[in-house]
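Every heavy atom of this structure was used, including side-chain atoms; hydrogens, water molecules and symmetry mates were not.
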Amino acid sequence: MSISGDEILKTQGLTLHYGGSQILNGIDMVARRGEVTCVMGTNGVGKTSLLKAISGTHGFSGGSYMLDGEPVQRSTAHALARKGVGYVPQGRDIFPLLTVRENLETGFACLPRSEHHIPDEVFELFPILKDFLGRRGGDLSGGQQQQLAIARAMIAKPKLLLLDEPTEGIQPNIIQQIGRVIAHLREQAEMAIVLVEQYFSFAYDLGDAFYVLERGAVRLSGRKDTLGREDLLKSVSV
């Protein structure tokens with residue numbers, strides 16, 4: 001099947017199992033370059049599991065997955081990172097004993113040696129990180145850790161950026177800044193962004209396309225201009 005140039009991610013019939021339980025039931029999904037694709041739904045419907053399957057953190061069980069037109073086999077997270085998948089997991093997973101600089105430098109693992117430098121853009125988007133380069137990751141607030149996790153993912157220059165609940169437990173001023181950063185990355189049109197988010201207004205304001213999951217399957221999907229805000233809100237409410 002042909003895939004157009006702007007489709008960075010395309011899944012067809014993606015399934016995932018944990019032990020004997022089937023968590024994802026045939027997910028068909030597209031994420032385009034220069035757009036934010038929001039995955040929404042109540043707790044426990046499979047949103048995080050979908051990101052884990054796409055990132056290689058937990059291998060998918062069946063179906064197919066294309067990344068920028070290339071088929072992806074069941075692969076490790078490191079191999080997919082090298083192919084251009086950036087993943088900011090729920091809980092952020094920064095290294096608490098490493099400094100901010102050292103955490104950022106872990107993003108170099110996917111880059112050729114000639115590109116082992118922290119771009120100025122990172123500090124323009126997250127000025128606090130420049131002030132805290134020598135501070136240990138574990139000493140940062142939750143909002144600062146979230147900024148660090150997104151910055152680390154950006155350093156690897158992903159084609160596909162996966163963000164799992166970036167506003168969770170974050171103070172409002174940092175939420176606004178993270179929203180501005182996501183909007184900036186979308187405008188750069190160099191990557192596709194998949195956003196899993198419970199905060200409806202944050203997701204709706206940023207989103208170009210929406211997928212609502214229920215029991216591991218897509219219950220509703222569409223683009224912002226075809227989905228009414230109230231219909232979408234109703235579909236993700238308990």
May I ask you to check whether over 12 heavy atoms, not counting those of [X], lie within 6.0 Å of atom [atom1]?
| X | atom1 | result |
| --- | --- | --- |
| K83 | NZ | no |
| N173 | CG | yes |
| R229 | CZ | yes |

Do [X] and [Y] come close enough that some side-chain heavy atom pair is under 4.5 Å?
| X | Y | answer |
| --- | --- | --- |
| I8 | M191 | no |
| I150 | F126 | yes |
| I118 | F108 | yes |
| D28 | V218 | no |
| L163 | L161 | yes |
| L9 | Y65 | yes |
| L160 | I193 | no |
| K10 | M29 | no |

Which value, rounded to the nearest 0.5 Å, describes the distance between [X] atom [atom1] and [Y] atom [atom2]?
| X | Y | atom1 | atom2 | result |
| --- | --- | --- | --- | --- |
| L213 | T42 | CG | OG1 | 9.5 Å |
| Y199 | M40 | OH | CE | 11.5 Å |
| R82 | C110 | CZ | SG | 6.0 Å |
| L67 | E7 | CG | CD | 12.0 Å |
| L195 | L162 | CG | CG | 10.5 Å |
| R101 | R135 | CZ | CZ | 15.0 Å |

Closest non-hydrogen atom pair between [X] and [Y], with its separation:
| X | Y | value |
| --- | --- | --- |
| Q146 | E165 | OE1-O, 4.3 Å |
| I27 | G216 | CD1-O, 3.4 Å |
| G207 | C38 | CA-SG, 3.7 Å |
| F210 | A203 | CE2-O, 3.9 Å |
| L80 | I54 | CD1-O, 3.4 Å |
| R152 | N103 | CD-O, 3.3 Å |

Check your understanding: Please walk me through it: do L185 and I182 pass side-chain contact (heavy atoms from CB on, under 4.5 Å)?
Key -> CA-CA 5 Å; L185 294 175; I182 294 171; 5.6 Å; no
Compute whether any side-chain donor of one residue and acceptor of the other, for [X] and [Y], lie under 3.5 angstrom apart.
| X | Y | result |
| --- | --- | --- |
| Q198 | E168 | no |
| R180 | H184 | no |
| E105 | H116 | no |

Same cluster for [X] and [Y] if Ile/Leu/Val/Met/Phe/Trp/Tyr side chains link at under 4.5 Å?
| X | Y | result |
| --- | --- | --- |
| V194 | Y87 | yes |
| F123 | L148 | yes |
| L206 | V196 | no |
| V36 | Y211 | no |
| F95 | I128 | no |

Side chain [X], main chain [Y], donor-acceptor under 3.5 Å:
| X | Y | value |
| --- | --- | --- |
| Q147 | A149 | no |
| T11 | L14 | no |
| E214 | V45 | no |
| S55 | L51 | yes |

Practice item. Could you walk me through whether L232 and V212 pass side-chain contact (heavy atoms from CB on, under 4.5 Å), step by step? Key: CA-CA 8 Å; L232 189 61; V212 178; 3.7 Å; yes
Quick one: do [X] and [Y] make a salt bridge, cutoff under 4.0 Å?
| X | Y | result |
| --- | --- | --- |
| E197 | K47 | no |
| E35 | R223 | yes |
| K52 | D164 | no |
| R33 | D6 | no |

Point to revise | Pair H58-Y18, ring pair (Phe, Tyr, Trp, His ring centres under 6.0 Å): steps then yes or no | key: CA-CA 9 Å; H58 188 103; Y18 287 137; 4.2 Å; yes
Review point. What do the steps show when you test T15 against N25 for side-chain contact (heavy atoms from CB on, under 4.5 Å), and what is the final call?
Key: CA-CA 5 Å; T15 62; N25 303 296; 5.7 Å; no
Check your understanding: Should the pair K224 and Y204 be classed as cation-pi, given the thresholds of under 6.0 Å to the six-membered ring centre and 45° from the axis?
Key -> yes
Exercise for review: Verify salt bridge (charged side-chain N to carboxylate O under 4.0 Å, His left out) between R136 and E102, making sure each step is shown before the conclusion.
Suggested key: CA-CA 9 Å; R136 292 199 308 188; E102 289 165 341; over 6 Å; no
**Study point:** Residues E190, K157; criterion side-chain contact (heavy atoms from CB on, under 4.5 Å); working and verdict
**Key:** CA-CA 9 Å; E190 293 174 356; K157 300 179 180 176; over 6 Å; no
